[in-house]
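Below: the structure, in structure tokens.
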2 protein chains.
Amino acid sequence: MPDKDYHHGDLRAALVLAALERLEAGGAAALSLRGIARDCGVSAMAPYRHFADKDALLDAVAGHGFQELARCLEEADATAGGREALAAQGAAYVAFACRHPALFRLMFMAPRRSSDGSAAYAILARRAAALAGPGQSAGDLTLAAWSLVHGLAALILDRRVPLEPGEVDGVARRITLAFARMTEGPTVG
Amino acid sequence: MPDKDYHHGDLRAALVLAALERLEAGGAAALSLRGIARDCGVSAMAPYRHFADKDALLDAVAGHGFQELARCLEEADATAGGREALAAQGAAYVAFACRHPALFRLMFMAPRRSSDGSAAYAILARRAAALAGPGQSAGDLTLAAWSLVHGLAALILDRRVPLEPGEVDGVARRITLAFARMTEGPTVG
DNA sequence: GCGTTTTGTTTACAGTGTCAACATCCATGC
DNA sequence: GCATGGATGTTGACACTGTAAACAAAACGC
């Protein structure tokens, strides 16, 4: 094994990981490119060999987050079927946001450029669309379901709704489930 | 009228206004305290006579946004009654976010400290709670309604949902209205 | 009128993202 | 086996940021 002092095995991955750690520890304010580089034991300019600029690194971090979110949704979806599966996904979505608030904000709440979240969206969409009753638009239903859980997560994160940590899961599950029941009610037109 | 060269009349208000203009023009990235001060023709340290730090100024800007949002909701609410009023509020909420994307993000999507949005919340809550059927929790219903429109706005702002500007209002109205109809469907338990 | 308080200014410092020029290492030709 | 070229990392510099400390000027109370 060579010296490893100059060339860093896999700096790109190390940078993303360090950024994630900083994010969990100190929030978005702690995300300085120089700091991240320092954490990796590397100079301030080294990241530019792997990312065009700071935003590009942040995009990679967000991408990591989306993968993890998709994993969580998939896992939750497998625990039940039908409407209950949708409720489980809703609760998992909110739980993810609460577990990684700064990451969640980074993923969504910045004028990002790319950071594809379609994988996570697809998992939720599959469940939601299957619930569409006659005369209900599957597209609208999916969008509504996503909006509901996303908005709930965002409001909780911003302390806009006074909820104890212990209540969050129950509320998310209840609301999502009630929403899912909407599909058996009277339909439009 | 005295010289007005040293003392600025009402700097505090001018700073908030300048910040709002910068926000509309260049997004959150253009919000530098020094730049805002420059826009007001004042030195970099002058803002500190009126705000503890940059975040305090941003809080004031967010507060301004919440007032405006409340005004929009109130206005929309007056255009109709019952479920239609809720749908109108939903559309107005989303429209506000689309009209002032950077401000909306500033209001919600940062680890703020205060910036009270309870006025806007109250207007929506009043309508939503009135729609709660027997066995439905007014609190849950209100939270769900808010989450729905807030999430929809956030997702649209982040281009997570491919919507033409022209479609936004229709979708928001449709989804909110469909949600409101949920209250006449079969209830929990 | 004078002192106090409020409001701005100047200067300075540490920290940021990023450009340009340079250094070092690794893999590949011969 | 060694020069060479491309990848990777470094140093130094620049313009910019938020903010602390010390000072200056205008406004107000008596």
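All values below come from the heavy atoms of this structure, side chains included, with hydrogens, waters and symmetry mates left out. Letters A, B, ... are given to chains in the order of the sequence lines, protein chains preceding strands, and every chain is numbered from 1. Keep in mind that what you see is a predicted model, and the values were worked out from it rather than measured.
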Rounded to the Å, how far apart are A:Tyr48 OH and D:dT11 P?
-> 16 Å
Taking the six-membered ring for Trp, are A:Phe104 and A:His150 ring centroids under 6.0 Å apart?
-> yes
Residues two or more places apart in sequence or in another chain: which of them pass ring pair (Phe, Tyr, Trp, His ring centres under 6.0 Å) with B:Phe66?
-> B:Phe108
What is the distance, rounded to the nearest whole Å, between atom CZ of A:Arg38 and atom P of D:dG9?
-> 18 Å
Check the distance between C:dC26's P and A:Leu11's CG and give it to me in whole angstrom.
-> 15 Å
Roughly how many Å is it from CG in B:Leu57 to P in D:dT19, rounded to a whole number?
-> 10 Å
Set of residues satisfying ring pair (Phe, Tyr, Trp, His ring centres under 6.0 Å) with respect to A:Phe96, sequence neighbours excluded = A:His100
Separation of C:dG8 P from B:Leu15 CG (nearest whole Å) = 8 Å
Could you check how far CG of B:Asp53 sits from P of D:dA20, rounded to whole Å?
-> 8 Å
Closer than 4.0 Å, any side-chain N/O of A:His50 to the OP1 or OP2 of D:dG9?
-> yes
What N/O pairs connect the protein and nucleotides 10-12 of chain C at under 3.5 Å? Give each pair on its own line.
none

Listed pairs under 3.5 Å, donor-acceptor, residues 161-172 of chain B side chains, sequence neighbours left out:
residue, atom, partner, partner atom, Å
B:Glu167, OE2, B:Glu164, N, 2.8
B:Asp169, OD1, B:Arg173, NH1, 3.4
B:Asp169, OD2, B:Arg173, NH1, 2.8

Review item, side-chain donor-acceptor pairs of residues 140-148 of chain A, under 3.5 Å, at least two apart:
residue, atom, partner, partner atom, Å
A:Asp140, OD1, B:Arg174, NH2, 2.8
A:Asp140, OD2, B:Arg174, NE, 2.7
A:Asp140, OD2, B:Arg174, NH2, 2.9
A:Thr142, OG1, A:Ala138, O, 2.8
A:Trp146, NE1, A:Tyr93, OH, 3.1
A:Ser147, OG, A:Leu143, O, 2.8

Protein-nucleotide distance (B:Arg49, atom CZ; D:dT19, atom P), rounded to Å = 14 Å
Atom CZ of A:Arg22 and atom P of C:dG15 are separated, to the nearest Å, by 12 Å
Not counting sequence neighbours, which residues clear side-chain hydrogen bond (donor to acceptor under 3.5 Å, both in side chains) with B:Thr79? List them please.
-> none
